[in-house]
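Report on the following structure.
The model shown is predicted, which means the values in this text are computed figures rather than measured ones. Order of appearance sets the numbers: ligands from 1, and atoms from 1 within every ligand.
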Amino acid sequence: MPNRITVLDGDYIGPEIMKAGLQVLAAVTKDSDFEYQITHAPFGGQAIDEVGEPLPQTTVDECKNSDAVLLSAIGGPKWDQCPKRPEQGLLAIRKALNLFANIRPTKISKAMMEYSPLKKISPVDFVIVRELTSGIYFGEPREKNADDAFDTMRYTKNEIKRVTKIAFEMAQGRNHKVTLVDKSNVLATSKFWREIVGEMAKQYPDVEVDYCYVDAAAMKIISNPAQFDVILTENLFGDILSDEAAQITGSLGTIPSMSKGDGQVALYEPIHGSAPDIAGKGIANPFSMINSVAMMLENSFGRKDLAIRIEDAVNQAVAAKVVTPDLGGNYQTQAVTNAVIQNIERVGVACQKQ
Ligand code: NAD
Ligand code: IPM
Ligand code: MN
């Protein structure tokens, strides 16, 4: 049976970069034994337009019945005044699929170094493990009144433990270091995180643990990003720090992510939004979506070989300076995608000749 992938095309630049990602998926799997079947489902603003609801139940069911979900960015000014915004659908799908851990890599290869806005830069390779289905995003009560408004930041022990386990296990397969980023000099939830992480660290003697306040972490991501291996943090801090971390690669438009939980289905999406300011111009950077496809092939389907072919092809495009304007180039989305596909095909032909 072919692998089942549910595709949620997204809004504004969403469909533009999803098209690129699917073209690359087709190219890299063409001469391989990887078979897949794609189902597009309505989601986000597109679903509000079609059925009046950002996350229809049929889409949840479709995702649950698939082996992986590919999602492009949603939201934008068209739906900002809707009673239920596309962003609510995004939070709801993460909750419905119980995707409590969100992995957001920051990798600056030698080829990428010159695109970094940092003057002093060496190769960087760390991941942010962001808790995704709790914290202030989901805490109750929340209310907006005439004279006040409030949100609630709440974490249970189990919610912290399950994402911490993922962070430690990732560190064991990497550089054996976890940095917990929190605000434990102020927040009760952060103190709780520190206690639990400190306790769990005893089970992972091969992993070094350190602790960093979120304000200092924001500074260190700029001053010395190479010091990090796995950054573990709660939902809102992870949202903010991952955009900051993305920018040191040169553009927010390069970074993919994986969201997973205990179940079999994981979801892959760029970390950025729908970029309404550049939608329709054909200049969105497709790397975030192409890299999300690679992350999916490796993690949901065990096809590291295909993921590496994609990563190599992207790196070759970067080295040849075939990049979109956000990275200082003047190539269009489709031209960059074509270059990546040509690189994949060239390597494929070279392999067959051997
Ligand atoms: P954004 O991430 O869409 O854009 C921020 C800046 O980065 C913009 O200048 C944009 O042009 C640029 N950018 C982002 N992706 C790019 C790419 N692939 N190529 C080139 N440039 C790129 O953030 P925003 O403008 O604050 O939000 C726009 C909408 O997206 C909002 O409705 C927001 O809620 C939504 N959003 C959705 C997601 C998601 O679906 N996961 C994530 C973040 C924001
Ligand atoms: C992200 C986005 C979302 C988040 C928004 C759109 C709800 O910023 O995926 O990073 O805050 O999680
Ligand atoms: Mn974000």
Side-chain angles (χ1 to χ4, degrees), residues 7-21 43-48 54-55 69-82 84-95 99-106 115 117 128-138 151 233-247 249-259 267-293 314 323-337:
V7 168
L8 311 175
D9 286 287
D11 305 317
Y12 289 94
I13 66 162
E16 301 172 29
I17 58 171
M18 181 60 83
K19 183 177 165 208
F43 182 60
Q46 178 209 352
I48 293 177
L55 179 60
V69 180
L70 268 183
L71 158 65
S72 204
I74 48 86
K78 184 174 178 201
W79 305 282
D80 280 354
Q81 305 311 323
C82 287
K84 242 187 179 181
R85 295 170 55 137
E87 289 87 343
Q88 271 175 273
L90 183 61
L91 300 189
I93 198 171
R94 290 169 177 171
K95 198 75 169 174
L99 306 171
F100 56 77
N102 180 222
I103 321 299
R104 298 188 159 189
T106 298
Y115 294 94
I128 294 176
V129 177
R130 169 191 178 195
E131 198 291 321
L132 200 62
T133 52
S134 184
I136 202 163
Y137 275 62
F138 290 91
D151 294 285
T233 194
E234 64 86 44
N235 203 342
L236 180 61
F237 296 160
D239 177 46
I240 297 167
L241 292 182
S242 57
D243 269 32
E244 184 197 1
Q247 191 56 34
T249 71
S251 170
L252 187 56
T254 67
I255 308 295
S257 80
M258 162 172 67
S259 301
L267 179 150
Y268 301 84
E269 59 169 327
I271 75 161
H272 60 72
S274 59
D277 54 339
I278 57 163
K281 296 184 176 162
I283 55 166
N285 190 337
F287 288 157
S288 57
M289 197 69 232
I290 292 171
N291 289 332
S292 296
V293 168
V314 167
V323 293
T324 43
D326 54 307
L327 283 171
N330 53 17
Y331 288 84
Q332 297 251 319
T333 310
Q334 191 59 56
V336 172
T337 308

Quiz item: Mind checking whether Ser292 and Leu71 have side chains closer than 4.5 Å, heavy atoms only?
Solution: no

Quiz item: Under a 4.5 Å cut-off applied to non-hydrogen side-chain atoms, are Arg130 and Asn235 in contact?
Solution: yes

Practice problem: Kindly tell me which protein residues have any non-hydrogen atom under 4.0 angstrom away from an atom of ligand 2, grouped by chain and ordered by number? | Solution: Glu87, Leu90, Arg94, Arg104, Arg130, Tyr137, Asp239, Ile271

Quiz item: What residues come within 4.0 Å of ligand 1, counting heavy atoms only?
Solution: Ile13, Ala73, Ile74, Gly75, Gly76, Glu87, Leu90, Leu252, Gly253, Glu269, Ile271, His272, Gly273, Ser274, Ala275, Pro276, Asp277, Ile278, Ala284, Asn285, Asp326

Quiz item: Within a reach of under 6.0 Å around NZ of Lys19, are more than 12 heavy atoms found that belong to other residues, nucleotides or ligands?
Solution: no

Quiz item: Among side-chain atoms of Asp9 and Ser72, is any donor-acceptor pair under 3.5 angstrom?
Solution: no

Self-check item: Sum of protein N, O or S atoms, each under 2.8 Å from the Mn ion (ligand 3)
Solution: 1

Quiz prompt | Residue pair Lys78 / Asp11, side-chain heavy-atom distance below 4.5 Å | solution = no

Quiz item: Under a 4.5 Å cut-off applied to non-hydrogen side-chain atoms, are Leu91 and Arg85 in contact?
Solution: no

Quiz item: Is there side-chain contact between Ile17 and Phe287, with at least one heavy-atom pair below 4.5 Å?
Solution: no

Exercise. State, to 0.1 Å, how close Ala20 and Pro286 come at their nearest heavy-atom pair, and which atoms those are.
Key: CB-CB, 3.6 Å

Self-check item: Nearest-0.5 Å distance that lies between atom CG in Leu132 and atom CG in Leu90
Solution: 8.0 Å

Quiz item: Tell me, do Asp326 and His272 make a side-chain contact under 4.5 Å, heavy atoms counted?
Solution: no

Practice problem: Measure the shortest side-chain to side-chain distance between Thr254 and Tyr115 over non-hydrogen atoms and say whether it is less than 4.5 angstrom. | Solution: no

Quiz item: Can you list every salt bridge (charged side-chain N to carboxylate O under 4.0 Å, His left out) pair that touches residues 275-288, not counting sequence neighbours?
Solution: none

Quiz item: Are the side chains of Met289 and Glu16 in touch, meaning some heavy atoms are under 4.5 Å apart?
Solution: no

